[in-house]
Amino acid sequence: MKRRLQALSGCLIIIGSICFSNLAAQTNPVIEKKIDALLRRMTLQEKIGQMNQYNGFWEATGPAPKDGDAKTKYDMLKKGLIGSVLNVNGVQNVRKLQEIAVKETRLGIPLIFGMDVIHGQKTILPIPLAEACSWDLKAIEQSARVAATEASAQGINWTFAPMVDVTRDARWGRVMEGAGEDPYLGSKVGVARVKGFQGTDLAANNTIAACAKHFAGYGFVEAGREYNTVDIGTSTLYNIILPPFKALVDNQVQTVMNAFNVINGIPSTGNVMLQKDILKNKWKFKGFVVSDWASGAEMVQHGFAKDLKDAAAIAVNAGSDMDMESSAYIKHLEELVKSGTVPVKNIDEAVRRILRVKFLLGLFDDPYKYCDEKREKEALYNPAHQSKALEVAKKSIVLLKNEGSLLPLSSQQQKIALIGALANDNNSPLGSWRVCSDNNTAIPVVAGIQQYTRNFTYAKGVTVYQGIHDFIHEANINYTDTTGFQEAIALASQSQVVVMVLGESGFQTGEGRSRTELGLPGLQQQLLERVYAVNKNIVLVLMNGRPLALPWAAAHIPAILECWQLGTQTGNAIAAVLFGSYNPSGKLVMSFPRSVGQVPIYYNHLSTGRPDSVELVFWSHYSDEKNSPLYPFGYGLSYTTFAYSNLKVQSSNPTDVRVSVTVTNNGNRAGEEVVQLYIHDKVASVARPVKELKGFEKITLSPGQSQEVQFRLTDETFGFYNNNGQFVVEPGDFDIMVGTNSASVLSTHYYKN
Ligand code: GLC
């Protein structure tokens, strides 16, 4: 049976005047009039107060602070000198602070409450890097909807998500927070998350403002070292880093967070080109920019501002509207305006943007709309949220290897050894960004497996870390304790199949967790090889927050599942795949290296002048490693197999180009396949990548079923940004490729006039 599927891979863009479809530019005239009226009534101090954001400075349900920094901030709150707070959670705490802002200040302007609801509030969904591997935009949107429903029920009306930093370097701890190495996929995933958070009615009490972060380039920190310098070329900025941010602005993301790093030596918080020229003037962004945590003050450390006062002037004049936690604005802006260093129009512009979002959220109509204790109780850990969390977790798992169809396991006749502390860990699977959730609330693998069989025995084998969970440091990795080895090895030698759950602790990735090595931390590799020596029937279940370099496992272990950190429903999701009740369908969104020495490694690289192997050594390669990744972008297997055939490009006119391919399930069970479309612009005014993802479609096929999948190519597909930041479409010869991953494609040609 053939069914046509059409994947619109882009919208038509008219070149010449370069007019982009951009809904972000519209504002509501009624709200604008209200803002005008309010601005006219506000004192300069009250305006600056709106631009000042503080971290929750006391448990508001407790007694008011009597002294110290908290007392100072409490007094400022009552004077209307704080416009937003972050990390205040729970209806009672939020109501308490909101009552002070609304009832005790002169103008009663409500606060906006921000929080890092990165992948869930109480119910924790898979880390974003895992979710992106589902390539299922609907599931990703629904996942963000779950997070927004629970967060808004706890008084939160603004999340600092989605992070849309494209990154190619698994040494960087925050790769777990984004959607990997590709800007097209990163854009689609980011938009889906914004839609999930913001919904269709921002004034509803179950929708929250989203935040595109970190603007811009944070994912390119040199050597993957946290908070390090970023030094990138213009083409990378315009074609790789910026597109996801523009996609979110075009889809009405309400806030943008700038970044800690410099670009061309200019800190993002003080970067006029980024925040004013591109974001606000060219893209017509109408929301507000919030600094990252004290990133304004950090311009002094960057050597870009003399002192905090100088930093305040630079930041606000560059378009950073709200100051998170550096006190630069509240301490210095009034003086800077009076001295003429900062034009009051820059203050008014920033405050207008902040008030606009508060109006759009409905906070002026009802400042307590997010403060419903009954809803709070009903929403948190809600069963419907659990089933959604389970669904998206299963879809996030990537099958990397399944030699001899060792998987799926039978729940009957096999004696299973389950080895690894992570198999019984109900905390690590929550990841490091579980800010509002409760520790130890993940369903561990042990519990998940019990739903399929009791015929297994668990041994911890080796722990990944020692010491406390929170703010773990590399120093706590277990490099010494082998006391669990013998029990694990003995168990493995008496079992028919071994399931080893190995990887990273929940706090080995995330902010501040860069690593110089990408192997299994601690003694895990040693244990894996010792178990293999007595039983080769091993299923390696990886639980990690970044791509790992696992060449030995890839060469020896028959079955490998990449399970990431899947959140609350971890054990149930992994067991469903282990025992085959769900056929894995995930595809990698970041290349897995063979060695950390290859990093940064990514599929959409340029050709270089010497791409091909030639005699002797004079070509682009390493003398001790292949160039190719261990597992490429877009890679993932299934319990069935798929065949691609009949790739065609048809064009009735230059603006109607269609690519079609036939995909057949030639295995013996139903499965999902992510059909991927890539192009290669072979000659252009700026060298273009050897492959660029320009479309994908996730389809489900029964055994023996074939389906024709179609992609429509538009000027947006073929075009790119030149080094002046202009979107151009150039005639020329293109490779058109479709396949199951970036390294396995059918290819044909198309000449674009
Ligand atoms: C952190 C992060 C940012 C987060 C903010 C508030 O340093 O860089 O992503 O949203 O501070 O917690």
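Here, residue 1 is the first one in the sequence, and each next residue gets the next number. Values in this document were obtained by computation on a predicted structure and should not be read as measured data. Start at 1 and go down the list; that is how both ligands and their atoms are numbered.
One finds a salt bridge joining Arg353 and Glu349 here, because a Lys/Arg side-chain nitrogen approaches an Asp/Glu carboxylate oxygen to under 4.0 Å. Checked for salt-bridge contact, Glu181 and Arg168 miss the test: no charged N lies under 4.0 Å from a carboxylate O. The residues Lys213 and Glu177 are annotated as salt-bridged, a charged nitrogen and a carboxylate oxygen being separated by less than 4.0 angstrom.
Ligand 1 places these atoms under 4.0 Å from at least one heavy atom of Phe260: 7 (O), 8 (O). Close approach of ligand 1 to Lys213 (heavy-atom distance below 4.0 Å) involves ligand atoms 3 (C), 4 (C), 9 (O), 10 (O). Residue-ligand proximity, Met257 to ligand 1, at heavy-atom distances under 4.0 Å covers atoms 3 (C), 10 (O). In the vicinity of Phe160, heavy-atom distances shorter than 4.0 Å reach the ligand 1 atoms 10 (O). Residue Trp293 approaches ligand 1 through these ligand atoms, each under 4.0 Å from one of its heavy atoms: 7 (O), 11 (O).
Proximity of His214 to ligand 1 is established by a heavy-atom distance of less than 4.0 Å.
In this structure, the ring of Trp293 has its center no less than 6.0 angstrom from the ring center of Phe260. Aromatic ring centres of Phe113 and Trp158 lie farther apart than the 6.0 Å criterion allows.
Contact annotation: the side chain of Val316 never approaches that of Asp321 to less than 4.5 Å [non-hydrogen atoms, C-beta and beyond].
When Ile118, Asp165, Asp116 are ranked by how near their heavy atoms come to atom 4 (C) of ligand 1, first place goes to Asp116. Counting heavy atoms only, Asp292 comes closest to atom 11 (O) of ligand 1 of the residues Asn55, Asp292, Val117, Val435.
Summary of contacts: the protein heavy atom closest to atom 2 (C) of ligand 1 is Glu511 OE1, 3.2 Å.
Of all the heavy atoms of Arg174, the ones lying under 4.0 Å from any atom of ligand 1 belong exclusively to the side chain.
A cation-pi arrangement is found for Lys73 relative to Tyr54, the charged atom lying closer than 6.0 Å to the ring centre and inside a 45° cone about the ring normal.
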